[in-house]
Peer 1: 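Let me begin by handing over the structure; questions about it come next.
If you read the sequence from its start, that first residue is 1, and numbering goes on from there.
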Amino acid sequence: MANLRKLTVNADSWPIHAFDFHQLWCLPNLKCLESTNVVLKPVFRQNLSYCHFRFIGFFLPNHLKVFLQSSPSLETVEIEIDDVFIDDEDDEDSDDEDDNVQEDPSSRVSSIKYFSFTIIERASIPFARRVLEFSYPNVTEMSITILHSKWCCENHSNIHWRRRHLLRAMRHFPMVKKLRLRLLGSNTYDVDFSSILFRMPQSLESLQFEAPGHTLSMDGCGFALPRLRTLHFRNCDKMDLKFIEAVRDNFNRVVENVEVVCCHPIEEENVRGAFPSSKVIWLS
């Protein structure tokens with residue numbers, strides 16, 4: 001056991017935060033942990049560099065918080081939350097939250113450099129807000145995926161404020177340079193790309209955006225992101241010329257790289273015409 005470097009633990013029927021059988025384990029070389037509905041005790045954390053957590057039906061936000069804060073060598077974190085239950089009071093709209101709230105130094109997680117977060121079903125979004133409320137000052141690369149179920153029947157206003165709350169948490173990732181944001185699922189709705197740019201950290205250099213089936217618009221402007229060098233659009237099959245020109249006008253400068261992949265019906269010449277001074281990569 002002392003030489004074990006990778007551990008996979010699954011609890012399929014009930015959330016577990018501590019197993020009696022691991023109390024005497026000594027795993028000084030454990031580097032990789034993959035778990036379902038489990039957050040293990042501190043004896044496992046000292047040398048971990050990679051963790052993948054998946055929660056199905058249950059979620060342990062407080063245990064996960066302690067785990068992340070007490071794992072000094074942890075560099076890569078991937079979290080999936082799948083259709084967890086929440087109380088109605090946890091799902092209330094709270095648009096009055098203060099974006100300028102002071103950071104609690106005790107909530108800082110400094111070792112993590114890559115953070116990936118996948119949200120499945122609308123009920124998972126408030127939990128995403130809880131996990132992402134901590135400060136991650138050294139995360140430079142991030143991936144956020146929102147999966148919207150065809151079985152979820154909500155009006156567009158509820159969907160918009162849920163996404164807004166999630167993106168508000170980007171304030172806790174001030175050094176992110178590369179971000180992949182995907183809006184996926186059977187149900188489609190309007191997406192205001194300017195509201196996404198508004199929440200991005202000023203450190204951002206590369207943004208990859210994927211939103212198949214969603215109608216894209218730019219309802220605001222002036223979100224310059226001074227370090228942004230690469231805009232990558234993928235599977236945005238309702239992208240049109242009006243949207244592309246609005247994105248260009250938002251920056252008031254040349255974006256060095258514009259990459260468009262599988263974004264029909266917009267034509268290649270429209271993208272190149274909108275960004276004549278950029279290096280345009282087009283893949284149909």
Peer 1: Where is the tightest heavy-atom contact between Ser110 and Pro137, given as atom of each residue plus distance?
Peer 2: OG-CG, 4.1 Å
Peer 1: Evaluate whether atom NZ of Lys178 has more than 12 neighbouring non-hydrogen atoms of other residues, nucleotides or ligands under 6.0 angstrom away.
Peer 2: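 Not buried by this count: 12 neighbours or fewer within 6.0 Å.
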Peer 1: Does Leu228 reach the side chain of Arg253, with side-chain heavy atoms less than 4.5 Å apart?
Peer 2: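 Touching, per the 4.5 Å side-chain cut-off.
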Peer 1: For the pair Phe115 and Phe117, name the ring-plane relationship: parallel under 30°, tilted 30 to 60°, perpendicular over 60°.
Peer 2: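 Answer is parallel, since the angle falls under 30°.
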Peer 1: Please test Leu184 against Thr145 for side-chain contact (heavy atoms from CB on, under 4.5 Å), starting from the C-alpha separation and ending with a verdict.
Peer 2: CA-CA 7 Å; Leu184 309 178; Thr145 302; 4.1 Å; yes
Peer 1: Could you tell me if the side chain of Ile196 sits less than 4.5 Å from the side chain of Val191, heavy atoms only?
Peer 2: yes
Peer 1: Test side-chain contact (heavy atoms from CB on, under 4.5 Å) on Leu64 and Phe55 and set out the steps.
Peer 2: CA-CA 11 Å; Leu64 183 58; Phe55 298 94; 4.1 Å; yes
Peer 1: State the CZ-CG distance between Arg234 and Leu283, to the nearest 0.5 angstrom.
Peer 2: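 Going from the CZ atom of Arg234 to the CG atom of Leu283 covers 8.0 Å.
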Peer 1: Compare all side-chain heavy atoms of Glu80 with those of His52 and state whether any distance is below 4.5 angstrom.
Peer 2: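 Touching, per the 4.5 Å side-chain cut-off.
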Peer 1: Can you see which heavy atom on Gln202 is nearest to which on Pro226, and at what distance?
Peer 2: OE1-CD, 3.0 Å
Peer 1: Would you check, one step at a time, whether the test side-chain contact (heavy atoms from CB on, under 4.5 Å) holds for Tyr136 with Val77?
Peer 2: CA-CA 11 Å; Tyr136 300 88; Val77 174; over 6 Å; no
Peer 1: Answer yes or no: is there a side-chain heavy-atom contact under 4.5 Å between Val38 and Thr36?
Peer 2: no
Peer 1: According to a 4.5 Å side-chain heavy-atom criterion applied to Ile, Leu, Val, Met, Phe, Trp and Tyr, with indirect links allowed, do Leu4 and Leu33 form part of one hydrophobic cluster?
Peer 2: yes
Peer 1: Taking only Lys NZ, Arg NE, NH1 and NH2, and the carboxylate oxygens of Asp or Glu, determine whether Glu34 and Arg54 approach each other closer than 4.0 Å.
Peer 2: no
Peer 1: Grab the two heavy atoms, one from Thr215 and one from Lys238, that are nearest each other, plus how far apart they are.
Peer 2: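 Heavy atoms only, the tightest pair is OG1-CD, 3.6 Å.
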Peer 1: Quick one: closest heavy-atom pair of Ser73 and Leu48, and the distance?
Peer 2: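 Scanning both residues, the minimum pair turns out to be OG-O, 2.6 Å.
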Peer 1: Within the side chain of Asn250, is there an N or O that forms a donor-acceptor pair under 3.5 Å with the backbone of Ser194?
Peer 2: no
Peer 1: Between Leu179 and Met200, what is the shortest heavy-atom contact and its length?
Peer 2: CD2-SD, 3.2 Å
Peer 1: What is the distance from atom SG of Cys263 to atom CG of Asp240, rounded to the nearest 0.5 Å?
Peer 2: 11.5 Å
Peer 1: Between Asp192 and Gly220, which heavy-atom pair has the shortest distance, and what is it?
Peer 2: OD1-N, 4.4 Å
Peer 1: Given side chains that start at C-beta, do those of Val258 and Val271 come closer than 4.5 Å, heavy atoms only?
Peer 2: yes
Peer 1: What about Phe53 and Phe67, are their ring centers closer than 6.0 Å?
Peer 2: yes
Peer 1: Are Leu74 and Tyr50 connected, step by step, through hydrophobic side chains (Ile, Leu, Val, Met, Phe, Trp, Tyr) whose heavy atoms are closer than 4.5 Å?
Peer 2: no
Peer 1: Any sub-3.5 Å donor-acceptor pair from Asp190's side-chain atoms to His214's backbone N or O?
Peer 2: no
Peer 1: If the test is side-chain contact (heavy atoms from CB on, under 4.5 Å), which one of Thr230, Leu225, Leu197 qualifies with Leu207?
Peer 2: Leu197
Peer 1: For a 4.5 angstrom cut-off between non-hydrogen side-chain atoms, does Asn37 reach Asn10?
Peer 2: no
Peer 1: What's the separation between atom SG in Cys236 and atom NE2 in His264, rounded to the nearest 0.5 Å?
Peer 2: 12.5 Å
Peer 1: Determine, using the 4.5 Å side-chain heavy-atom cutoff (strictly less than), whether Leu183 and Val261 are members of one ILVMFWY cluster.
Peer 2: no
Peer 1: With sequence neighbours left out, what residues match Arg227 under salt bridge (charged side-chain N to carboxylate O under 4.0 Å, His left out)?
Peer 2: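 So Arg227 forms no salt bridge (charged side-chain N to carboxylate O under 4.0 Å, His left out) with any residue.
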Peer 1: Same cluster or not: are Leu231 and Ile281 linked, directly or through other Ile, Leu, Val, Met, Phe, Trp or Tyr residues, by side-chain heavy atoms under 4.5 angstrom apart?
Peer 2: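 Looking at the clustering, Ile281 is in a separate group from Leu231.
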Peer 1: Would you say the side-chain atoms of Asp237 pair up with the backbone N or O of Gly213, donor to acceptor, closer than 3.5 Å?
Peer 2: yes
Peer 1: If I take atom CG from residue Asn257 and atom OG from residue Ser206, how far apart are they, to the nearest 0.5 angstrom?
Peer 2: 8.5 Å
Peer 1: Determine, step by step, whether Ile244 and Met239 satisfy the side-chain contact (heavy atoms from CB on, under 4.5 Å) criterion, reporting the C-alpha distance in whole Å, the side-chain angles of both residues, the deciding distance to 0.1 Å, and the verdict.
Peer 2: CA-CA 7 Å; Ile244 280 292; Met239 176 186 292; 3.5 Å; yes
Peer 1: Checking the side chain of Ser203 only, and the main-chain atoms of Val176 only, is there a donor and an acceptor separated by less than 3.5 Å?
Peer 2: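 Checked: pair present.
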Peer 1: Quick check on the 6.0 Å ring-centre criterion: do Phe233 and Phe193 meet it?
Peer 2: yes
Peer 1: Side-chain contact, heavy-atom cut-off 4.5 Å: Arg182 with Leu147?
Peer 2: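 No - every pair of side-chain heavy atoms lies 4.5 Å or more apart.
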Peer 1: We want to know whether Glu210 and His232 form a side-chain donor-acceptor pair, criterion being a heavy-atom distance below 3.5 angstrom.
Peer 2: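 No, no side-chain donor-acceptor contact under 3.5 Å.
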Peer 1: Side chains of Tyr114 and Glu78: donor-acceptor distance under 3.5 Å anywhere?
Peer 2: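 Looking only at side-chain atoms, Glu78 and Tyr114 do not form any donor-acceptor pair under 3.5 Å.
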Peer 1: With no hydrogens and no angle check, do the side chains of Arg180 and Ser143 hold a donor and an acceptor under 3.5 Å apart?
Peer 2: no
Peer 1: If I take atom OG1 from residue Thr118 and atom CD1 from residue Ile144, how far apart are they, to the nearest 0.5 angstrom?
Peer 2: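 Here the interatomic distance stands at 9.5 Å.
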Peer 1: Measuring from atom CE of Met142 to atom OG1 of Thr140, what distance do you get when rounded to the nearest 0.5 angstrom?
Peer 2: 11.5 Å
Peer 1: Is there side-chain contact between Val255 and Arg229, with heavy atoms separated by less than 4.5 Å?
Peer 2: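 No, side chains not in contact.
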